[in-house]
There are 2 protein chains.
Amino acid sequence: MEKNSVYEDLRQQIIQEKLIPGQWLIERELCETYRISRTPIREILWKLTGDGFLEQEANRGFVVRRLGLEQIFEIFQTREAIEGMAAKLACIRGNEAFRSNLREIKKKITKANIQSDPTAGIALGRELHRAIMDAAQNGILTDTNKRLENMTLLTANITKHSPAIEKASAEAHLRIINAVLEQDQEKAEQMMREHLRETCQHIVERFYPGMLGGVSNNK
Amino acid sequence: MEKNSVYEDLRQQIIQEKLIPGQWLIERELCETYRISRTPIREILWKLTGDGFLEQEANRGFVVRRLGLEQIFEIFQTREAIEGMAAKLACIRGNEAFRSNLREIKKKITKANIQSDPTAGIALGRELHRAIMDAAQNGILTDTNKRLENMTLLTANITKHSPAIEKASAEAHLRIINAVLEQDQEKAEQMMREHLRETCQHIVERFYPGMLGGVSNNK
DNA sequence: TGGTTGGAAATTGTATACAAATAGAATTCA
DNA sequence: TGAATTCTATTTGTATACAATTTCCAACCA
């Protein structure tokens with residue numbers, strides 16, 4: 001199998017939770033699976049580490065990033081800073097095409113809300129976050145956010161299909177859109193930050209009731 | 001030479017600008033210099049890439065991160081988000097020992113100001129930024145900031161020994177300290193953000209008058 | 001002249017063998 | 001028994017040879 005395909009496949013395996021946090025990646029096994037030697041496998045693992053999906057430990061190899069409750073807090077708090085800034089910049093730098101796109105997303109969110117379609121809501125949420133980040137026109141900010149987004153993906157499946165969370169998110173998204181359309185920098189930043197704080201809160205309350213600390217380590 | 005030492009040496013070479021942005025690292029040369037084979041050299045280069053010092057291009061290898069004016073803007077804007085959040089969190093989570101340390105730093109900054117000692121001022125600035133980041137108690141935020149700080153280091157030497165910038169920085173640092181000591185979250189965040197905006201402004205005005213665009217690429 | 005092509009040199013990419021370190025199981029000894 | 005120890009198997013770390021790609025320069029031709 002070709003190198004880029006192997007990278008993409010491993011990425012998907014992680015996102016789809018066929019490889020889960022705390023799981024060690026055995027180089028020999030990957031070689032046999034993908035029919036390439038250890039050298040390119042290691043390059044791929046380093047790339048995935050750079051993406052935020054894996055951790056590397058000397059003399060122990062690569063492991064899917066271990067996420068405890070504490071770290072989920074931290075990731076969302078960092079995203080709050082980054083995406084808050086993005087929302088602010090989107091007010092300043094976003095052009096009319098961007099705002100037109102936002103108005104379209106707004107309509108679709110409202111429609112999905114009425115039809116109680118959580119799948120559509122999730123996709124629209126991603127679209128909105130991406131549109132705002134793009135409009136901010138800051139490559140470093142985008143790269144930084146990508147890493148955090150990838151880390152969030154490690155817990156993505158557990159956040160899916162929770163109607164209460166999705167409804168709250170949709171409403172927050174509408175508030176963000178309105179603020180950006182008004183080009184109210186402070187409000188846009190504030191709305192985005194509140195949205196991420198709230199989402200984090202919801203995840204924690206729902207999936208880690210009372211729990212605090214590390215995560216399983218299968219080696 | 002041992003692997004960790006090679007990593008540290010290369011890191012220092014970059015920080016001290018013996019290796020400059022845009023410079024390609026030739027694996028064979030590094031092998032001869034450090035007397036280890038290409039395999040560990042590549043691992044080290046991947047690690048430095050993760051630190052934000054290098055970029056990797058397929059079939060072309062590793063290059064010291066290329067920084068144009070645009071990217072310097074972007075880095076400081078991202079730091080504004082990250083360190084602003086850190087200042088806010090330091091107000092909430094910082095303990096009395098932390099604030100005591102801040103009062104010490106405040107005294108030293110005032111002293112360095114009176115004595116017009118820019119070297120001491122720079123060291124104190126770093127100490128302050130680090131103390132605030134530590135007090136924020138957010139590992140992901142700290143890691144994210146580390147990458148950005150490393151990128152900033154690539155341009156660090158050109159920001160040194162500029163009395164005007166250092167004086168403005170010192171005053172901004174005092175304002176930040178006061179806000180954190182008052183535990184005024186909003187003010188602390190705002191002061192930190194203004195400080196980074198101002199510093200970026202100074203760098204641009206002083207070292208890139210009128211210039212805009214990419215940087216040299218020696219290959 | 002100036003652009004294109006061809007080929008040689010330099011450089012990165014891959015496979016593989018062996019060394020070193022780690023982890024796990026069996027053994028020993030109190 | 002159970003804690004410590006030794007040994008074995010597993011896994012990562014390193015060196016090296018060769019393949020593929022890129023780069024650079026010289027030869028060529030319109």
Side-chain angles (χ1 to χ4, degrees), chain A residues 1-14 18-66 154 214-219, chain B residues 1-14 18-66 154 214-219:
Chain A
M1 202 172 181
E2 192 220 0
K3 196 169 153 182
N4 287 331
S5 313
V6 175
Y7 167 79
E8 192 50 40
D9 190 73
L10 277 170
R11 200 173 155 277
Q12 287 302 325
Q13 296 258 341
I14 294 166
K18 285 162 188 165
L19 294 169
I20 62 171
Q23 189 163 348
W24 290 86
L25 301 175
I26 311 302
E27 295 172 10
R28 186 186 44 76
E29 287 178 7
L30 298 174
C31 291
E32 286 169 7
T33 304
Y34 297 114
R35 304 303 181 118
I36 56 176
S37 76
R38 278 178 63 208
T39 317
I41 282 288
R42 291 182 81 148
E43 303 261 305
I44 290 162
L45 294 176
W46 275 111
K47 237 182 214 165
L48 289 165
T49 304
D51 293 339
F53 288 118
L54 308 180
E55 302 174 274
Q56 202 266 354
E57 277 184 37
N59 292 315
R60 296 206 50 201
F62 297 85
V63 59
V64 180
R65 183 181 280 269
R66 291 164 286 206
L154 293 172
V215 93
S216 72
N217 177 343
N218 73 350
K219 190 172 188 179
Chain B
M1 202 174 183
E2 191 220 359
K3 196 168 154 184
N4 287 330
S5 314
V6 175
Y7 166 78
E8 193 50 39
D9 189 74
L10 277 170
R11 199 172 156 278
Q12 287 301 326
Q13 296 259 341
I14 294 166
K18 287 163 189 166
L19 295 169
I20 62 172
Q23 190 161 349
W24 290 86
L25 301 175
I26 310 303
E27 295 172 9
R28 187 186 43 77
E29 287 178 8
L30 298 174
C31 291
E32 287 170 6
T33 304
Y34 297 114
R35 305 301 181 120
I36 56 176
S37 74
R38 280 178 60 209
T39 317
I41 283 286
R42 292 181 80 147
E43 304 262 305
I44 291 162
L45 295 176
W46 275 110
K47 237 181 216 166
L48 289 165
T49 304
D51 293 339
F53 289 118
L54 307 180
E55 302 174 274
Q56 201 266 354
E57 277 184 37
N59 292 315
R60 297 205 51 203
F62 297 84
V63 60
V64 180
R65 183 181 280 269
R66 290 164 286 207
L154 293 172
V215 94
S216 72
N217 177 342
N218 74 347
K219 191 172 186 179

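In the text below, chain A, chain B and the rest are named by the order of the sequence lines, each starting its count at 1.
- Here the nucleotide nearest the side chain of A:N59, chosen from D:dT11, D:dT14, C:dA21, is C:dA21.
- When rounded to the nearest whole Å, the span between CZ of A:F62 and C1' of D:dG13 equals 12 Å.
- Proximity note for B:R38 (side chain, C-beta onward) versus C:dT14, D:dT12, C:dG13: the nearest is C:dG13.
- Closest to the side chain of A:T39, out of D:dG13, C:dA15, C:dT12, is C:dA15.
- Between A:Q56 and A:T49, the shortest heavy-atom contact is N-CG2, 4.5 Å.
- Distance from the side chain of B:R42 is smallest to C:dG13 among C:dG13, D:dA15, C:dT16.
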Please test A:I20 against A:L154 for side chain to side chain contact (heavy atoms under 4.5 Å, CB included), starting from the C-alpha separation and ending with a verdict.
CA-CA 8 Å; A:I20 62 171; A:L154 293 172; over 6 Å; no
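- Relative to the side chain of A:R60, the nucleotides D:dG13, C:dT14, C:dT22 differ in distance, and C:dT22 lies closest.
- Rounded to whole Å, atom C1' of D:dT16 lies 14 Å from atom CD of B:E27.
- Look at CD on B:E29: it is 13 Å from C1' on C:dT12, rounded to the nearest Å.
- The side-chain hydrogen bond (donor to acceptor under 3.5 Å, both in side chains) check on B:E8 picks up B:R11, B:Q12, with sequence neighbours excluded.
- Rounded to an integer number of Å, the gap from CD1 of B:I36 to P of D:dT16 is 12 Å.
- For B:L30 and D:dT14, the CG to P distance is 15 Å, given to the nearest whole Å.
- In summary, B:K47 and B:E43 do not engage in a salt bridge, as defined by a charged side-chain N under 4.0 Å from a carboxylate O.
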Does A:I14 form a side chain to side chain contact (heavy atoms under 4.5 Å, CB included) with A:L54? I'd like the steps, not just the answer.
CA-CA 9 Å; A:I14 294 166; A:L54 308 180; 3.9 Å; yes
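- The distance between atom CD of B:E32 and atom C1' of C:dT11, rounded to the nearest whole Å, is 13 Å.
- Phosphate contact (OP1/OP2 of D:dG13, side-chain N/O of B:K3, threshold under 4.0 Å): absent.
- Summarising the geometry, the separation between CZ on A:R35 and P on C:dA15 is reported as 12 Å, rounded to the nearest angstrom.
- In this structure, the nucleotide among D:dT16, C:dT16, C:dG13 sitting nearest to the side chain of B:S37 is D:dT16.
- The ring pair (Phe, Tyr, Trp, His ring centres under 6.0 Å) check on B:F53 picks up nothing, with sequence neighbours excluded.
- The distance between atom CD1 of B:I26 and atom P of D:dT22, rounded to the nearest whole Å, is 15 Å.
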Once Watson-Crick and G-U wobble pairs under 3.5 Å are found, how is DNA chain D written in dot-bracket notation, 5' to 3', with | for any base paired to another strand?
||||||||||||||||||||||||||||||
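- At a threshold of 4.5 Å between non-hydrogen side-chain atoms, the residues A:E27 and A:R42 count as touching.
- Here A:L45 lies out of heavy-atom contact (under 4.0 Å) with every strand.
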